[in-house]
Amino acid sequence: MKHLVAGNWKMNHTSREAAEFARRLIEKMKPRPSADVWIFPPFMLIQAMVKAFEKSDVRIGGQNMHHEKKGAFTGEVSADQLLDAGAKAVIIGHSERRQIFQETDAQVNLKVKAALAAGLAPVMCVGETLAERESGRTSDVVLSQLRAGLKSIDRKSVATLEIAYEPVWAIGTGRTATPAQAAEVHALVRKELREILGDAGAGIRILYGGSVKPDNAKDLMSRPDVNGCLVGGASLDADSFAGIIFGAQ
Ligand code: 13P
């Protein structure tokens with residue numbers, strides 16, 4: 001399975017900084033990497049980044065979307081609007097959306113279905129908090145988020161689905177899951193994906209996210225079922241992002 005290295009910029013970068021990032025990353029990606037590379041900038045930078053990367057294989061996506069097609073939802077963005085801007089993918093249910101913006105499993109499920117129906121590749125995020133891990137609830141939490149997020153999904157529709165396992169305690173903390181810890185949860189996720197989706201569950205990439213850096217990316221992605229990574233802080237700088245991309249060879 002081809003690795004996917006995805007950068008989630010969160011609420012970072014102005015248009016000038018993004019343009020400079022694109023110029024430098026394109027330079028670094030000669031020769032072409034063997035991994036897929038996707039970048040998730042803030043909404044208003046999507047069009048500019050689609051243009052900046054149009055001659056490369058880099059795909060651009062949104063960090064969130066609303067499940068309705070259109071209407072009176074001030075401040076929200078639809079799947080069709082993301083597609084119209086040139087996005088090909090969307091992150092759904094990131095732990096920051098769940099924790100800071102009270103997004104529920106039910107909303108995540110609606111969004112995943114709406115993204116698939118519209119033709120956007122959803123990257124659905126799951127992951128436990130530190131308290132949940134320390135109380136031995138990691139697998140319960142991760143598997144219940146997975147089941148709820150994929151509830152009543154049509155098996156035939158999931159070809160473009162990606163899953164990201166992002167332990168909340170590892171996000172932005174510099175405290176990465178060890179490759180063994182990541183591999184353990186990824187194996188559980190894989191088993192559950194097969195249970196929920198049958199054969200289709202075997203082909204879905206499972207990304208690891210949480211303090212991925214150039215010096216730990218290679219080891220993480222060499223583990224079974226760690227099919228790529230979702231990178232926050234280290235995706236903001238073209239040098240460190242390129243270091244991760246080429247670690248996925
Ligand atoms: P960091 O790489 O900054 O820990 O963020 C991970 C993340 O949340 C990616 O979605």
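One-based numbering, in listed order, for ligands and for the atoms of each. Computed from a predicted model, the values in this text were never measured in an experiment. Keep in mind that the numbers below use all heavy atoms, side chains included, and drop hydrogens, waters and symmetry copies.
Between E96 and ligand 1, no N or O atom pair is found at a separation short of 3.5 Å. Between S211 and ligand 1, at least one N/O pair is under 3.5 Å apart. Note: no N/O pair closer than 3.5 Å links G209 and ligand 1 by distance alone.
Residue-level proximity to ligand 1 for N8 is carried by the side chain, the only part with a heavy atom below 4.0 angstrom. Under 4.0 angstrom from ligand 1, there are no non-hydrogen atoms of S235.
The pair R98-D105 counts as a salt bridge, with a side-chain nitrogen and a carboxylate oxygen less than 4.0 angstrom apart. Ion pair E128/R137 not flagged as a salt bridge, since none of the NZ, NE, NH1 or NH2 atoms sits closer than 4.0 Å to an Asp/Glu carboxylate oxygen. A salt bridge does not link R59 to D36: none of the charged nitrogens lies less than 4.0 Å from a carboxylate oxygen. Salt-bridge annotation for K51 and E54: present, with a side-chain N of the basic residue lying under 4.0 Å from a carboxylate O of the acidic one. Salt bridge status for D80 with K70: absent, with no side-chain N to carboxylate O gap under 4.0 Å.
In the vicinity of G210, heavy-atom distances shorter than 4.0 Å reach the ligand 1 atoms 4 (O), 6 (C). Near L230, meaning under 4.0 Å from any of its heavy atoms, are these atoms of ligand 1: 9 (C), 10 (O). Heavy-atom contacts of A170 reach the following atoms of ligand 1: 4 (O) (cutoff under 4.0 Å).
Residue, atom and distance of the protein heavy atom nearest to atom 9 (C) of ligand 1 are E166 OE2, 2.9 Å. The nearest heavy-atom contact from the protein to atom 3 (O) of ligand 1 is G233 N, 2.8 Å. For atom 4 (O) of ligand 1, the closest non-hydrogen atom on the protein side is G172 N, 2.6 Å. Among all non-hydrogen protein atoms, the one lying nearest atom 2 (O) of ligand 1 is G232 N, 2.9 Å. Remark: minimum distance from atom 5 (O) of ligand 1 to any protein heavy atom is reached at K10 NZ, 3.2 Å.
No option in Q63, Q102, E103 other than E103 meets the side chain to side chain donor-acceptor pair (under 3.5 Å) test with R97.
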Name every donor-acceptor pair, under 3.5 Å, that has one atom in a side chain of residues 225-235 and the other anywhere in the protein, sequence neighbours excluded.
unit_1, atom_1, unit_2, atom_2, d
D225, OD1, R190, NE, 2.8
D225, OD1, R190, NH2, 3.4
N227, OD1, R190, NH2, 2.9
N227, OD1, I206, N, 2.9
S235, OG, V231, O, 3.2
S235, OG, G232, O, 2.7

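Under a 4.0 Å heavy-atom criterion, G174 is not in contact with ligand 1.
Taking the six-membered ring where tryptophan is involved, the planes of H13 and F21 are tilted, since the angle between them lies from 30° to 60°.
The ring pair (Phe, Tyr, Trp, His ring centres under 6.0 Å) pairs that include a residue from residues 208-228 number zero, where partners must be two or more places apart or lie in different chains.
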